[in-house]
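The structure appears below as structure tokens.
Values below: all heavy atoms of this structure, side chains included; hydrogens, waters and symmetry mates excluded. Values in this document were obtained by computation on a predicted structure and should not be read as measured data. In what follows, chains carry the letters A, B, and so on, assigned in the order in which the sequence lines appear, proteins first and then strands, with residues in each chain numbered from 1.
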Amino acid sequence: MEYRFQEIEKKWQHFWKINQTYRVEETSTKPTFYVLDMFPYPSGAGLHVGHPLGYIASDIFARYKKHIGFNVLHPMGYDSFGLPAEQYAIQTGQHPAKTTKENIDRYREQLDKLGFNYDWSREIRTSSPSYYKWTQWIFMQLFNSWYNPITNKAASINELIKEFEQQGLSADSLSALHGGIETEVTPFSASEWAGFTEQKQQGILMNFRLAYLGESYVNWCPALGTVLANDEVVNGLSERGGHPVERKLLKQWSMRITAYAQRLLDGLDGVDWFDSIKETQRNWIGRSEGASVHFPLLNHEGSIEVFTTRPDTLFGVSFLTLAPEHELVTLLTTDEQRDAVASYVSTSKNRSERERMADVNTISGVFTGSYATHPFTKEPIPIWIGDYVLVGYGTGAVMSVPAHDERDYKFATHFSLAIKHVISPSADHDFNMGAWTEKSGTMINSDFLNGLSVTEAVQRMISDIAENGYGSKRINYRLRDAVFGRQRYWGEPIPVYFKEDIPYLIPEDQLPLDLPEVDKYLPTEDGDPPLGRATHWKFEEVYEYEKSTMPGWAGSSWYFIRYLDPTNELQLASPEKIAYWGNVDLYMGGAEHATGHLLYARFWCKFLHDLGILPFDEPFRKMINQGMILGRSSFVYRVVGQQTFVSAGMKDGYETTPIHVDISLVNNDELDLEGFKAWRSDYKDATFVLEPSGVYLCGYEVEKMSKSKYNVQTPDELVDRFGADTLRMYEMFLGPVEQSKPWDTKGITGVHGFLKKYWRLFHIDGTFEVNETTPTKEHFKTLHKTIRKIREDLDRFSFNTGVSNFMICVNELTESKCNFRQILEPLTVLLAPYAPHITEELWEKLGHEPGSLYAAAYPEFNPDYLIESDYEYPVSFNGKMRFKVSLPLSLSIEEIQATILTQAETIKWLEGKATKKIIIVPGKIVNVVI
RNA sequence: GCGGAUGUGGUGAAAUUGGUAGACACGCUAGACUUAGGAUCUAGUGCCGAGAGGUGUGCGGGUUCGAGUCCCUCCAUCCGCACCA
């Protein structure tokens, strides 16, 4: 009988479903193992071949853990709130819930075809009210909490209120409270607190809450009435529609993740993640030590506070630079400079932060006309505005030391500002060529710092500015608070209502606050978010609810907890179940989440840990990041301004625009012309310039798979043609999971052939037949060599070499016509995690209870079968391998040397020269140095 | 700009600790078989060379008996950068 994979896979998928083979309970006393995949956003394009890469790897690992005796939790769900469904709703009027449900059904169908061991009884969807009830609940806890810098953990805001009532807020405790918290609060006494209005009190508390309403800059597009991501802004215009975009201060909900900056940094030491991801997070958090220094304003009250990591260079300051958005800009601009500053500020407004950071070649800036005083020398320092200074980092103002900072150097050179050398550089440094930015050298022109090393000067300066009250030592983090409000429809409503402009939480027993129906998914005419269209969107029909919704990352920041107890209506999850499973043992997902999701999930985990809800404070113990599977996009070339398309080989001499074309219309780069014309109505009258051979050839490029690039390859077609087991093994065989690679189906026949070959081992002339007698030593050697390799490969997540080793094994067994039960039975268990369907079928044929393979014990490696008496030594001369000689492993180094030297080959390669040295590593190599 | 990663045959890749470079596949070449198949099997296949042999892991240098692996310089490509999920 031939390998009829379609029948077999259908049969077992049905069997697993009916018998709930993969259902997991908390009753087992086995050790637990929690394997988690990053859940997908169910997009309209369906699952593409890139998604399963990680799912297959984690499925193999989960099955392996099950075979070696663990109670394994491997759940799946959907991150189902998000922008694409909303965009689709805006275009078609279709409710996002409907689109989302259809997409989920499609995903489920696709996932089911791949034979995963998910416990579907635990499925969650972030957009279902029974789930987002708890997302809202967590928001409420964050709102009701502040970060206590003394205990270094989150605590109830009531504690803080009590403290205010009893002691007020002293200057001392205010500075202690800072601990990463930015506040604009001035000290007050207990009696002052009691006398404050409710509004004032709530305003003060807002500076401490972990979920708070604050102001932050966004890319605002007035024409679309919406906020845009940096990605959606191109040259100051919106990607969609090309409307002007400006940076605008907007009052919105934020999360005080900065309070956790240090703990988020420290926690990285304890998790087993790729160094690259940890490094990215460290960089994102961006801790830097330095000082904050105040420069008093000349002719104005107050001062400019700057943050610097180089307090040693304070005497080299020749100007200050403010971000264009800095709050002092208006005050400091003199009448003569007003026009120039206004025009500069409005230009910067239209540049995204990304552009401003990336554009290093254009130096731009403008003088305010005002001066500050140098704290030590009392000299006047000009105050400039430059858009390379970002308002969100540090204090939005920098002290510019052109002699020792490259950016400042360029700025100073461009505007002919003073350059003061305060460190003597190494002899070969030329200040005409650039700044001396090394943190080495001796201080000069720096008063009391003269003669000190840079390191000494940093310390000395920090203590001097503190003593004189000019500033203080400061640790700065690049990490910014996370904006939490979105002016969108398809997200979790924020469970807040407003009474006299003060936000209050709705009562907990009214959760979930359901997403209301609206007539359109667009902002209102007066610029409110879509929820402003809902009727009765009021608490107790009186007080307006918050109209913005939560961001996509809200639901995904805690979903790993909900899987533990997905239907609990009283708690996030029961403490017993949380304790039973603990945190995620293996997290599998894309590295593109390094700074978003992974940071937020860690933040919420630490917060819930502070509240005593979670016993652990890191969510993901070990993580593997699968690489992205890239698509091969095809292009047609349209002549500018015409409906004529030029073939790739003919396009020289035409001015053309490349346009993505659906890969289903392209076969071996050849375009299906009729299909193309029918593809879109505006192409129906297209004309073509063909190759001399009469075909239209498309160009191609390897890029991210996405619906908009029409390069999505779905797994379905491949499953139909080759089966799920083949696709599973092929995706693993492509290369290391963590590596990105372009998708290509060329090699799939090799893997399919392997499964057929494996199947044939059990059949003679098409009939199932295994030999019950004892195999030879060679057969056992093949088996045990494979067991060792497969287990080693699994332990180090090297799935691609695992597949190779199975191939080697089956090739050897085929060659020796091995059909011994004692070999094939363990091999079947060994292969089961990779190819669950074919192995279940053969396991049943071998006479076992159907479905029992999943929990069968994994074969153990026995080294006795691999003991060898001889070893074939490669013999090198000066490191070049020349010949091999087989010698007993029992020989001593002296005996090996003696034998080698008498070999005829040795004499030939010595060419009569004397040996200088002979390196012998027993069981490894011989190297003769001549 | 900042940060991260990766460069090995025609292609995907392997080489876990510095020890035989290219396992395992795809593709290609030649052949066998014939229910002419998206089937199976045999042989070959890094490059140069008739061969002996030489040469070879992005470029250039270094350490070592020995370097794909360690160190330095340079080059190229890909990914992320806070409202895409």
Legend entry - Any donor-acceptor N/O pair, A:Thr549 side chain to A:Arg488 backbone, under 3.5 Å: yes

Inset, instruction - Could you check whether A:Gly627 gets within reach of a base, just the sugar-phosphate, or nothing at all, counting any heavy atom under 4.0 Å? - result: nothing

Inset, instruction - Taking only heavy atoms on the protein side, list every residue of residues 797-806 of chain A lying under 4.0 Å from any atom of RNA chain B, sorted numerically. - result: A:Asn800, A:Thr801, A:Ser804

Inset, instruction - State whether a side-chain donor-acceptor pair under 3.5 Å links A:Gln252 with A:Ser254. - result: no

Legend entry - Below 4.0 Å: OP1/OP2 of B:rA82 and any side-chain N or O of A:Arg480: no

Inset, instruction - With heavy atoms under 4.0 Å as the rule, sort A:Ile919 into base, sugar-phosphate or nothing. - result: base

Legend entry - Structure string for RNA chain B in dot-bracket form, Watson-Crick and G-U at under 3.5 Å, | interchain: (((((((..(((......[....)))((((((.......))))))(((....)))..(.(((..]....))).))))))))....

Below 3.5 Å is the cut-off: list the nitrogen or oxygen pairs between protein and nucleotides 29-33 of chain B, distance only.
none

Inset, instruction - Rounded off to whole Å, could you give me the CH2-to-P distance for the A:Trp553 and B:rG80 pair? - result: 21 Å

Legend entry - A:Lys756/A:Glu2 salt bridge by N-O under 4.0 Å criterion: no

Inset, instruction - Quick one: label A:Arg760 by what it contacts on the DNA or RNA (base, sugar-phosphate, nothing), any heavy atom closer than 4.0 Å. - result: sugar-phosphate

Inset, instruction - Please round to the nearest 0.5 Å and tell me the distance separating atom CG of A:Leu598 and atom CE of A:Met623. - result: 4.5 Å

Legend entry - N-O pairing of A:Glu792 and A:Arg796 below 4.0 Å: no

Legend entry - Side-chain N,O (A:Lys756) to OP1/OP2 (B:rU40) below 4.0 Å: yes

Legend entry - Atom of A:Met38, atom of A:Tyr587 and distance for their closest heavy-atom approach: CG-OH, 3.3 Å

Inset, instruction - Would you classify A:Asn811 as touching base, sugar-phosphate or nothing, given that sugar-phosphate means primed atoms plus P, OP1 and OP2, and contacts are heavy atoms under 4.0 Å? - result: sugar-phosphate

Legend entry - B:rA13 phosphate, OP1 or OP2, under 4.0 Å from A:Gln739 side-chain N/O: yes

Inset, instruction - Look at A:Arg882 and B:rG66 and indicate whether a side-chain polar atom (N or O) is within less than 4.0 Å of OP1 or OP2. - result: no

Legend entry - Donor-acceptor contact present, side-chain A:Gln6 to main-chain A:Asp720, <3.5 Å: yes

Legend entry - Polar contact flag, side-chain donor to acceptor under 3.5 angstrom, A:Ser400-A:Thr321: yes

Legend entry - Any A:Lys884 side-chain nitrogen or oxygen under 4.0 Å from OP1 or OP2 of B:rU20: no

Legend entry - Among B:rA13, B:rC81, B:rG19, the one nearest A:Trp284 by side-chain distance: B:rC81

